[in-house]
Every structure is written in C-alpha cells, then in structure tokens.
2 protein chains.
Amino acid sequence: MDQSPEIDELELAAGLGRVVSLMRSLALPRDRSMTAVSTLATLERFGPRRVTELAVFEGVTQPAMTQLVSRLEREGLAERGPLPADGRAVVVRVTTAGRAELAGRRAAQARDLAALLAGLPAGDREAIAAALPALNRLTGLTHGPGARPPADPPTSRSDG
Amino acid sequence: MDQSPEIDELELAAGLGRVVSLMRSLALPRDRSMTAVSTLATLERFGPRRVTELAVFEGVTQPAMTQLVSRLEREGLAERGPLPADGRAVVVRVTTAGRAELAGRRAAQARDLAALLAGLPAGDREAIAAALPALNRLTGLTHGPGARPPADPPTSRSDG
DNA sequence: TTCCTTATATCAGCGACTTGTATAAGTTGC
DNA sequence: GCAACTTATACAAGTCGCTGATATAAGGAA
C-alpha cells in the first residue's frame with residue numbers, strides 16, 4: 001500500500017524540535033556547553049577535523065571554535081595536532097578522556113530514556129528502534145556532500 | 001522479567017544526540033536562544049504555564065525564565081497574564097506572533113530536512129515517518145507525571 | 001621576494017545564564 | 001487581624017560562551 005505522501009516535513013521538524021527539548025532536559029549539559037558536547041561527538045564520529053570545519057559544521061564562528069577547542073584541550077577532552085600537509089592548519093582530535101566524557105553523558109541520558117521508554121507501548125518502542133538506523137543515516141548526511149575528512153594525520157590511511 | 005532487549009538506550013541516546021546536533025545546524029537559532037525557542041514550543045504545545053513551571057521544564061533557573069519571558073514579551077512573542085486563583089503567580093502564553101515565529105522556523109527547518117530526506121532511501125523515510133508519533137508520545141511523557149496545566153485562564157474549560 | 005589567499009589565534013563587546021536577594025501574595029496559628 | 005512562614009516572581013551582580021573585527025603565520029602564484 002502506498003501510504004502517505006511519504007512524510008510531512010513540517011511535522012517532522014516540530015517533532016525533532018521536541019526531541020531537542022527532551023534531550024536538553026535530560027543530562028543537562030549545563031556544566032558543559034551544548035556546542036562542546038556536540039563538537040566532541042562530531043570528532044568521535046567523524047574523526048579528526050580542522051578548526052574551521054568544526055566551526056562550520058557546528059554552526060559557530062571560527063573564533064568561537066578556537067576558544068572551544070582551547071577549553072576542551074585545557075580539560076584534556078580534546079587535543080590539537082599539526083597537519084603535515086599544511087603548516088597553518090591544526091587538526092583537533094578527541095582524547096580518551098573525551099570519549100569517556102561522552103560515554104558517561106550518554107549513559108546518564110540512556111538511564112533517563114529507559115525510564116521514559118518504559119512508559120511507552122511496546123509498539124512505540126519498536127517504531128523508535130526501527131527508525132534509529134534511518135535517523136543515523138539522516139544525521140550522517142550533513143557531512144556527506146559538504147565535508148570530507150581533512151587527511152587524518154595519525155591514521156595510516158594511505159589513500160590518495 | 002527481563003526488561004525488553006528491544007532497544008539499546010545507549011545507542012538511542014547517541015542517535016538522538018546527533019539529532020540535536022542536526023537540528024542545531026538547521027535553522028540555527030543564533031538569533032534567538034535555544035531556550036527561547038524551546039519555551040515558545042512548550043507553551044504552544046502544552047498551553048499557558050507559570051514561570052516556575054517553565055523554568056523547571058526547560059532546565060533553567062527561575063530568574064533566567066523571568067528574564068526570558070520578559071524578553072519574549074518585549075518582542076511580542078509571549079505575554080503575561082494574571083492567574084485568578086493565585087495573585088502571586090502569572091501565566092505565560094504564546095502570542096499569535098510567537099506561533100508565527102515558530103511556524104516560520106519550522107518551515108525553514110522543514111525545507112532543509114526535505115533536502116536531506118531526499119537523500120535517504122525510501123525505506124528510511126518510511127521508518128522515520130512511522131516513528132514520529134512514537135517520538136511525539138515520548139517527548140510528551142516528560143510533562144505527564146510531573147506537571148499539570150496551571151488552570152488555564154483564557155480557555156473556557158469547564159474543568160471537573 | 002612580493003602580493004594575495006587561507007587557517008588559526010587574539011581582542012573587545014554583548015547576550016544569556018548563574019547565585020543571591022528583595023518584594024508581594026497566600027497560609028497558618030493564635 | 002497581626003505575626004511568622006511559605007510560595008511566586010522580579011531585580012542585581014557576576015560569569016561564560018558567543019559574535020565581529022583584526023592580527024599573525026603559512027601556502028601559492030608571479
């Protein structure tokens with residue numbers, strides 16, 4: 001059956017907006033800025049990136065990202081490294097501590113989410129679980145056509 | 001009874017975290033604070049609320065919410081009104097202009113989302129569409145057990 | 001080298017949040 | 001009906017993270 005005209009983007013935008021509010025209320029990143037958490041997650045997911053790329057992707061200015069990276073570095077959550085191919089640039093990487101921070105944060109959110117999910121009918125949980133891979137692909141798309149890895153320096157990826 | 005192995009909350013937390021990043025990058029609310037947008041959406045969805053309730057729900061302090069409501073009121077997006085049942089309290093309502101602001105913001109996000117969704121396989125779009133009602137119920141749960149409407153003043157709800 | 005572009009860092013300023021406190025209204029006890 | 005306490009919102013001072021403008025350093029072209 002050809003159900004709906006596929007999808008109502010307006011409703012999706014509203015729904016995802018509420019998801020944002022929900023995630024904000026869980027594991028409140030009041031101790032750490034939203035952009036900081038998001039940037040760490042981006043680095044974890046997509047690997048080392050340059051400052052400017054991070055700034056564009058996170059929707060902040062380059063000075064803001066420089067400042068943020070300095071903060072993250074000071075706290076040991078990320079680190080700067082040189083980019084052999086370009087002496088002007090630096091690559092930012094998430095550290096082990098940074099990954100641990102992300103993991104801990106997600107664990108806290110997961111606990112709260114589990115409690116909420118328990119209040120949903122099984123069918124809803126299944127629908128959410130079924131949509132998760134699709135959502136991951138959706139969120140991955142923003143990197144696809146507009147940004148490619150900056151020639152990751154530590155990995156021995158002999159690609160050309 | 002073992003909980004449902006149905007869903008991996010950790011993975012869900014990570015996935016929803018990426019959704020947050022995505023929505024942040026779309027329709028960047030750089031002109032208006034995240035909390036402002038979220039608060040307007042909350043008012044639109046759940047109706048008039050008191051300042052303190054809004055503060056708790058949005059995860060900010062009460063003074064911050066007072067400040068925010070003043071800002072919203074100054075820009076005509078929300079308005080304060082008295083609460084007949086309690087002279088100390090005020091109820092905050094979203095105005096027509098506030099709803100328009102939300103609608104416009106969602107329309108912009110919807111446009112971007114549509115472009116992204118076009119890059120997904122049809123099955124992914126269907127999965128997301130199918131999960132949307134479940135996500136809406138999930139995000140609605142946070143209001144359920146902890147907060148009830150503060151006796152909405154303008155509506156003629158002959159409550160019982 | 002000289003000029004231009006690119007990438008990051010620094011500086012000044014502002015906006016949105018925090019804690020602490022003040023004012024006003026409701027509630028209880030006598 | 002007044003005193004004391006609680007509750008709800010508003011105000012004040014301070015901090016943090018952002019923006020815009022600008023400086024410094026490195027790569028590329030002539």
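Naming: A, B, ... by sequence-line order, numbering from 1 per chain. Predicted model only: the values in this text are computed from it and were never measured.
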Can you tell which of B:Thr52, B:Leu54, B:Val56 makes a side chain to side chain contact (heavy atoms under 4.5 Å, CB included) with B:Gln62? B:Thr52
Output the single nucleotide from D:dT19, C:dG20, C:dC17 whose closest atom is nearest the side chain of B:Pro63. C:dG20
Considering non-hydrogen atoms only, spot the tightest contact between B:Met23 and A:Gly17 and give its length. CE-N, 4.0 Å
Quick one: which protein N/O atoms are closer than 3.5 Å to N/O atoms of nucleotides 1-7 of chain C? Pair and distance per line, please.
residue	atom	partner	partner atom	Å
C:dT6	O4'	A:Arg88	NH1	3.2
C:dT6	O2	A:Arg88	NH1	2.8
C:dA7	OP1	A:Arg50	NH1	3.2

Under the 3.5 angstrom rule, does the side chain of B:Arg18 hit a backbone N or O of A:Asn136 as a donor-acceptor pair? no
Does a donor on one side chain sit under 3.5 Å from an acceptor on the other, for B:Ser38 and B:Glu58? yes
On a heavy-atom basis, which atom in B:Leu132 and which in A:Gly15 lie closest, and how many Å separate them? CD1-CA, 4.2 Å
Could you work out, with side-chain hydrogen bond (donor to acceptor under 3.5 Å, both in side chains) as the rule, every residue matching A:Thr39, not counting sequence neighbours? none
Return the minimal non-hydrogen interatomic distance between B:Val91 and B:Pro82, and the atom names on each side. CG2-O, 3.8 Å
Show, in sequence, the C-alpha distance, side-chain angles and deciding distance for A:Glu44 and A:Arg106, and conclude whether the salt bridge (Lys or Arg N to Asp or Glu O under 4.0 Å) test is met. CA-CA 13 Å; A:Glu44 184 186 50; A:Arg106 285 189 191 122; 3.1 Å; yes
Please determine if a side-chain N or O atom of B:Thr66 lies less than 4.0 Å away from the OP1 or OP2 oxygen of D:dT9. no
Report all interatomic pairs (protein N or O, nucleotide N or O of nucleotides 13-17 of chain D) with separations under 3.5 Å.
residue	atom	partner	partner atom	Å
D:dG17	O5'	A:Arg71	NH1	3.3

Report the residues that fulfil side-chain hydrogen bond (donor to acceptor under 3.5 Å, both in side chains) with A:Glu75, sequence neighbours left out, ordered by chain and then residue number. A:Arg32
Take A:Gly87 and A:Leu68, find for each the nucleotide of DNA chain D with the closest heavy atom, and name the residue whose nucleotide sits nearer the 5' end. A:Leu68
Computed from five pairs at either end and rounded to 10 degrees, the angle between the axes of the helix from C:dT1-D:dA30 to C:dC30-D:dG1 is 20°
Whole-Å gap separating C1' (C:dT8) and CZ (A:Arg49): 17 Å
What is the distance, to the nearest angstrom, from the CE atom on B:Met65 to the P atom on D:dA10? 12 Å
By salt bridge (charged side-chain N to carboxylate O under 4.0 Å, His left out) - contacts of A:Glu11 (at least two apart): none
Round to the nearest Å and state the distance from B:Glu53 atom CD to D:dT9 atom C1'. 14 Å
Between C1' of C:dA9 and CD of A:Glu73, the distance in whole Å: 13 Å
Side chains of A:Asp124 and B:Leu138, heavy atoms from C-beta outward: is any pair under 4.5 Å? no
A:Gln62 has a side chain; which of C:dA9, D:dT9, C:dT18 sits nearest to it? C:dA9
Between D:dA25 atom C1' and A:Leu83 atom CG, what is the distance in whole Å? 15 Å
